[in-house]
Structures are given as C-alpha cells and as structure tokens.
Amino acid sequence: MCAQCNSKKNHIHTTKAAVGSASTVKVESAVTTDCCSTGTSSSCSSTSDTSDGDDGGDAASSGAVINQPLADKSMTKFKAFTTVENADSSSVLTPPSGSTQPHCHDTPISHNAAGSSNASDCCSAGQCSANEDVLKDESIEAALVNESGHTQRWNILGMDCPSCAAKLEKAVLSLTGVEQAKVMFATEKLVVSSASPMADKIEAKAKEAGFRLVGSTSSVKDDQPSFIQQHFAVIAIAFMMIVSFAIDSQSEFYGLIAFSVTTILGLIPILKKSINLAKSGSPFSIETLMSIAALGALYLGETAEAAMVLLLFLLGEQLEGYAASRARSGVKALMDLVPEEATVVRPNGERTKVAVESLKKGDVIEVAPGARLPADGIVLDIAASFDESALTGESVPVERMPGDKVMAGSLVADKVVQLTIESEQGDNAIDRILHLIEDAESRKAPLERFLDKFSRWYTPAMIVLAALVIVIPPMLFGQSWDEWLYKGLTLLLIACPCALVISTPAAITSGLAAAAKRGALIKGGAALEQLGHIQTVAFDKTGTLTEGKPVMTDLVSWEGDETRLLRQAAAIEAGSLHPLAMAVIKAAENKGIHIPEAKHREALMGKGIQGEVDGEMLLLCAADRLPESVLLTVEQQQTVDNLENQGKTLVVAMRGSLPVGVIAWRDNLRDDAAKAIIALKEIGVGAVMLTGDNRRAASAIAADIGIDFRAGLLPADKVSAVREMNDRHNIAMVGDGINDAPAMKTASIGIAMGGGTDVALETADAALTHNRVSELPNMIALSRATLANIRQNIVLALGLKGVFLVTTLLGMTGLWVAVLADSGATALVTLNALRLLRFNPDK
C-alpha cells in the first residue's frame, strides 16, 4: 500500500517539482500510455538514454515516467527524470536538480544508437494502445476506499473455509448502507466500505451469521476463545449423546425422548444460523441442509440417527477449521514475524520500550541479536548480519552496511544494531506481502471461477433431485413414503458443495504459501495456474540475467603504467554517480590507490569526460566517438575490437591527441543465470533473451548461458516480440520492474526481479524477491504440482459424492454416512492441499 495515499494501484509519486507555482506535477502510471493522445506526450518525448540497463530510453519510451527516488538500490536507474505538467498542459521530462552532466558513455552498456525513443518510433510501431489494460487489476482495499464514505477493517474469528467467507460477505452486503465488502480468507480480515460509520450493525450481523469480528487494532490472540468455549457445542452434544445412549439402554421410550431433546438443543443454533444466512442471500448453506435433514429424521422417528448426524456435522466443522488453520499457518507465521514492542533511542540517548504501532518514520530503534526488526529500517552506524530467510528464502545471513535498507521481520544475527525507521505504519515489507496475499484472493484461477459457477448450480440441482427422489417413487410406483423421504434427506446432505468449493482455493492457498517460503510472490490463483502452462520464458538482460551493476573488467595501458592510468581516470570520474564512473573509482580503491583531485573537470556532451590530473589533461572517450585526428595503431585497434567482441563497454584514454590506454566494463551475469536456463530446458520450457543492447553484446552474453536472443529492441519491439511468441504458445516475461512493464503485461504472465520493491511487486503478476532466477523453474514446477493437486481434489470431492449418491439410492448408506461423506471429503481435500506446503522440486 502506498504510504502517501493508501492506494495500491500501480502508480508512482513525484518528488517536489522545482518549478514555479503555475506548473503542477503530473503523476503517471508506470505503464505504456497512449503516446498519440493529446494533452500529454511524455511517453514519447525524446530523451537521453538511461544511465544503466540494456534498454536505452526504456523508462521514457515505455511510458514509465519515474518521479520518485526508490528505496531499493537495485532500482536507482529509474531516478533520472521528473515529469512536470506545465500551464499549457504539455509534459516535459526534466533532470533532477543537482544531477551531473552526462558522459559520452552515459549510454547503456554496449548500447546501439537506437537506444532513444520518440513519438514516431512509438506510433509507427503500432503499439499506442497495446497495453490499455495494464492497470486493470487493483487492490481490494484500495477499491473499497472512497472519498465520501467510510472504510472499516476487522479481524474475523470462527471462519473455517472459503464458503464461510462468502457467507459473511453476503450477510454484510445485505445491510442497508454497506456499499462494498470483502473477506480475505488467507489473512482472516473483513474490509467494509459504507456511506457512514456502522460498526455496531456490521458486528451484530456477523454474529448472526456465526462469526466474531475483532477490531483491526486489537490483538486476535487476546480475543481468541478458550478451548472449552471454542468446542463447547461438540462437547455438549457428545455428553448428551452418551447420556441418551445410557437412558436408551434402560428404556426405549425415555431414550427416544433423550435423543429428541439432544437433537433439538443441538439444532437450535444451526437452525437459527441457517435462517439468518437465508435472509442474507445464502439459502443453500450446509446449515440449511442439515436443519432439513435433522427435522426430517425426527419426523421419521430416527432420533438417535438425527442426534448422531448433528454430532458428526459439528465434528466435521471442527476438523475443517483445523485444516483451514493449517492452510493459513504460513500467513500467520509471516504476521508473527513483526514483534509487538521495539526499543526506541531518543535524541538524548535514552532507550524506551514502545508498542510497534507507535513507531514513526525517522525514529531510531535499537535491535539486539536474536530479535527481529519491527519495521523497514536503514542501518545507522555499523555493519551487521541479518537473517532474511523468512522473507527471501535465502538461508545465509546477509551483511548490511551503514546506509543499507533492511526489511521488517529480518533477524539480527551477530550484534546490537541501530536503525532509522524507513517505512510508514502499515507499509513495511511484511505488510506489503500480506496485502499481496489478500489481493491474490480476488484474482481467482480460471478453474476456480469455473468451480464457483458449477457449485452455484450443483446444490440447487441436487435439492431438486432429492425432491424427485422423495416424490416420484411413492406417487408413481406406490413405494413407501418414509423410505424415500429418508433417502431424499440423505441426498440433501450429499448435496453440500463444501468439499468441491474448497478443493481449488485450498490447493492454491497452499501453493502460494509454498512459493512465498521460497522467496517467490505470486499474485493469485490465476497467475499460479498460468505458470503451469508456460512453454517459453523471455528474459530481459540487464538486471535480470545480469546483475545490473557494471564492473571494470579490463584496463590496458599502452604506456605500460596501469596504476598511473587508473589513478588519473578515477580522479576525473570522482564525484560522478554514473555506474561506469563508480566502477572505476571502486577499482582504484580496491587496489589502495590514492585518488587525487582533478582540475577543470568537464563532461563533453556526446564525446566523453576530461580533466587535469598532475598537470596533464586526460580525456576518456567512447571508442566509436574518437576525434577524427586520432588514429589507433593496428595493435591498439585489435585490442579495442577484441574487448567489444566480448560484449564490453569501453573508453579510450588520451593525453592530448595521443591514445594511452583503454578501460572496459561489463555487466556480469548472475551466478545462477546459466543454472536457471539449464533447469528450464530440463522441464521442457524454452528460453529467449530480449534486449536493447547491440547484437555483439547480446551474443556474448547469450553464448555464456546457452540462450537464444533478439537484440537492439525498443520497448515497443519487445511488446511485438512477446505478442508474436504469445500467439504460438504461453510465454512468461521476466524483467526488472518498470521499463519492461509493457512486455510483461503483454505476456501470459509477467515476473519481476527487484528485491521486493513496491514497483517490482506491483508491476508484474509475480516477483522473485531474492533476485535468484534459478528459482523460476521451481515456480513453474510448483504451479504444475498445484494443478495436479487441484485435479486430485476434484476427483476426491466428486468421486466420494458420486459413490454415496449411488449407495444411498440403493439403500446401502444412511444419514450419518452422508455427513461423513461431506465432512470427510472436505477434510481429505484440505489435507491433500496441505502437502504442497512441503513442496520440494528436487524430489
């Protein structure tokens, strides 16, 4: 959720515009916009290339207008421009204040000349309206918030299954004044939007439907009923059944009365709940079917069986609740990662224990070894190790330096550390994951949507069948009314769709939880199901297959003094935030070279950067932009060609007009990139790399990992390539967040890299929070396992009902077996789904 506006819609806030009051800052979505439309044209504005990445101008040409410095360092390449809407409604891209002048190598690494974009590029490619539905899916909570109304949230007690969630939603929506309501089953929350505050009415209505609501600020643990309270109905009915059997053994007449009393007392709350649910729009609930069956059994004189049916029903409800609780265990464990108290360090050095809810952005907290962070924070003074396995799946503690960001829920591993709170209340890493899980429930898999529709027809159809079973044999064939009434009541219990309804969401919830444990966040059942059908994966290059952080790989001094050349090059690059410049400075520091101060430093637009060091003027210039007066020898040219053929970016160093050396950089491959490609091929999934880099650079990277590639692509070209492949088979697009958003949305499913940043998580259908591409084949394997689990569950649910339908009509089974068929099938499919929590792709 956005800390500034409480919205989870795909968007980015601007920094404060450094312009006059006549102008306003325009906030745009991080997606492709209609560049041909009037009013705003920033998506097609001609801009210089981004300073990092393989897609020059992607941030501009794709409509990814970036206006806010992002928290995660991996996303800093999107800081480049601010969109300002002037008084005349025209939009311009302006560099942030304080930015340094661009180098001649302010182009993507080994980028070709086609790196920038303009209106003609966009419109001629025919992609103006290619991604109009990019922002179709919105957050549930954001959709419920309205300016004139009131949004209220509760934690729910007593919710056993997704069908319970639907009952509660219908009950709340039946209230006059309620505009929208949504139950998040995974996190057990209710969000209601109403025209005016009506908490009392909503809580009373929920209580009528059999649920307790607890304020979102209250502790659910404190409000949990005791064991006796939670299981009182089962214990009471079981005790009364024992007493009734004892009485029946002494007197059949009084035993009949005892069983009748037991049935009636046990049926009263169920009958009351069924009436309330029917009034709220759920006439075919299991409570209604149970009430009819129990009353019918009493009418037939089967009092002992009626009481046994009630007991088995209540036991089945408890079993369903336990299974559902196990299914939500991963989510609850995630919620428990945030401690309830934190130690705040005051400006005077005083340390105070405070509730986590009272923490504010900018507070300084102190966390001891073995304790978890209550919010996202920035390390203040010392380097420390943090165990982030609960969030990223990475088992090895990660060392964080002063200034580095650490996510809430991370465990301090080695020393007492102080951090500055960086997240707003309710917007830390844990909260964002929980919001995603809640949001995921609204994005049902196609199979799940089909089963929902099927179950809506299934129950009424079974009720009609039961009625026909009761009426036709006695009326047309002279059969006994009591016999066929009993069989009809048994069919009513078999008609309950609980097992069928829960078969898909139970598997999907378990699959999503298993993915989250491995550091992969998948936004809902639709995305999880789609992953299982993927036949090809398209990868962006920079920041996806590569680390996105160029390193200096080669330094050749044609004078024979490499230390001198590196020292002078670092001096004129000092102070620049350009990734290539920073790589040179880091290389000098690693070698212990003292970096002097350069004089007369000047960036030469389109050529390079120069400065005076030790009384000598040094120029660093791109190899393909050397002055005409400078000619390289055959050996020097051979060195340049060899480095370029390896896919490296390079500059030639010159003193005066004399070339003295060459410096080369390369964006190194991720350690697990080759492993990921091999694993994909092993499970029958193809791979292709789509990059804006020139063919030579792309070829070098592709050869290292054995992947097909397409090079020199603009954002619109990537969209066309993905659409072309998608027409043949399902394709997944993996990118590093914003600049690949159009292609990611065009693909069957988009998967983001990005260390769990808001932008990466909200742009795509799934995200690898730990940046390990080797986890992608496991995600696909998990999706396939989930689809197989769903098929097994459907066979179990319908198979058991089919068997008992036949045995009931043949007179082989009765009411209590029908209850076992329903509750047993529900428990079986839930327990089968829980197997996914132990998913291991290596087995």
Side-chain angles (χ1 to χ4, degrees), residues 51-52 73 76 100-111 401 542 546-604 606-627 630-633 635-669 697 700:
S51 62
D52 182 26
K73 290 188 177 180
T76 54
T100 57
Q101 285 184 293
H103 296 60
C104 79
H105 48 270
D106 272 349
T107 56
I109 299 175
S110 301
H111 199 284
M401 307 300 290
T542 301
T546 66
E547 294 178 351
K549 299 175 182 178
V551 294
M552 194 187 81
T553 57
D554 300 89
L555 187 144
V556 179
S557 173
W558 292 320
E559 292 182 330
D561 191 347
E562 294 184 355
T563 300
R564 179 189 177 195
L565 177 58
L566 179 57
R567 177 174 172 271
Q568 293 183 339
I572 64 171
E573 294 280 22
S576 173
L577 296 179
H578 192 282
L580 303 183
M582 294 173 69
V584 173
I585 297 167
K586 185 175 181 180
E589 291 175 345
N590 290 341
K591 292 186 177 183
I593 298 175
H594 172 69
I595 302 176
E597 183 178 352
K599 300 178 181 178
H600 310 300
R601 291 179 65 250
E602 181 183 3
L604 305 177
K607 292 185 178 181
I609 186 170
Q610 67 180 10
E612 183 181 331
V613 185
D614 301 331
E616 298 177 314
M617 187 63 71
L618 183 72
L619 168 66
L620 299 180
C621 186
D624 58 349
R625 301 177 191 178
L626 293 174
V630 176
L631 295 176
L632 301 180
T633 66
E635 292 182 357
Q636 290 172 344
Q637 188 62 53
Q638 184 64 44
T639 299
V640 169
D641 291 342
N642 289 340
L643 291 173
E644 288 184 336
N645 289 335
Q646 296 172 31
K648 296 176 180 178
T649 296
L650 51 91
V651 295
V652 174
M654 292 180 292
R655 293 193 186 93
S657 60
L658 179 66
V660 295
V662 62
I663 301 174
W665 298 263
R666 180 170 174 175
D667 187 6
N668 288 335
L669 279 166

Could you tell me which non-hydrogen atom of [X] sits nearest to which non-hydrogen atom of [Y], and how far apart they are?
X    : Y    : result
T563 : I593 : CG2-CD1, 3.9 Å
I585 : A574 : CD1-CA, 3.6 Å
A569 : L618 : N-CD2, 3.9 Å
S657 : V630 : O-CG2, 3.9 Å
E644 : A623 : OE2-CB, 4.0 Å
M552 : A587 : CE-CB, 3.6 Å

Query raised in the report: So R666 and D554, side-chain contact (heavy atoms from CB on, under 4.5 Å) or not? Walk me through it.
Result: CA-CA 9 Å; R666 180 170 174 175; D554 300 89; over 6 Å; no
Query raised in the report: Only one of T649, V584, L580, N668 clears side-chain contact (heavy atoms from CB on, under 4.5 Å) with P550; which?
Result: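 Of T649, V584, L580, N668, side-chain contact (heavy atoms from CB on, under 4.5 Å) with P550 is met by L580 alone.
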Query - Audit row: I609, E573, side-chain contact (heavy atoms from CB on, under 4.5 Å) steps and yes/no - result: CA-CA 8 Å; I609 186 170; E573 294 280 22; 4.3 Å; yes
So, taking the atom named [atom1] in [X] and the one named [atom2] in [Y], what distance separates them when rounded to the nearest 0.5 Å?
X    : Y    : atom1 : atom2 : answer
L632 : T639 : CG    : OG1   : 9.5 Å
K591 : L566 : NZ    : CG    : 6.0 Å
E612 : Q568 : CD    : CD    : 10.5 Å
W665 : T553 : CH2   : OG1   : 9.0 Å

Side-chain heavy-atom pair [X], [Y] within 4.5 angstrom cut-off:
X    : Y    : result
Q610 : I572 : no
V652 : Q636 : no
L658 : W558 : no
L631 : Q637 : no

Requested in this report: Can you establish whether the number of heavy atoms outside M617 located under 6.0 Å from its atom CE is more than 12?
Outcome: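 Yes, enclosed.
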Query raised in the report: Thinking salt bridges, do D614 and R564 make one under a 4.0 Å N-O criterion?
Result: no
Query raised in the report: Donor-acceptor pair, R567 side chain versus V613 backbone, under 3.5 Å?
Result: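 Such a contact is absent between R567 side chain and V613 backbone.
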Query raised in the report: How far apart are the C-alpha atoms of N642 and Q638, what are their side-chain angles, what is the distance that settles it, and do they pass the side-chain hydrogen bond (donor to acceptor under 3.5 Å, both in side chains) test?
Result: CA-CA 6 Å; N642 289 340; Q638 184 64 44; 3.0 Å; yes
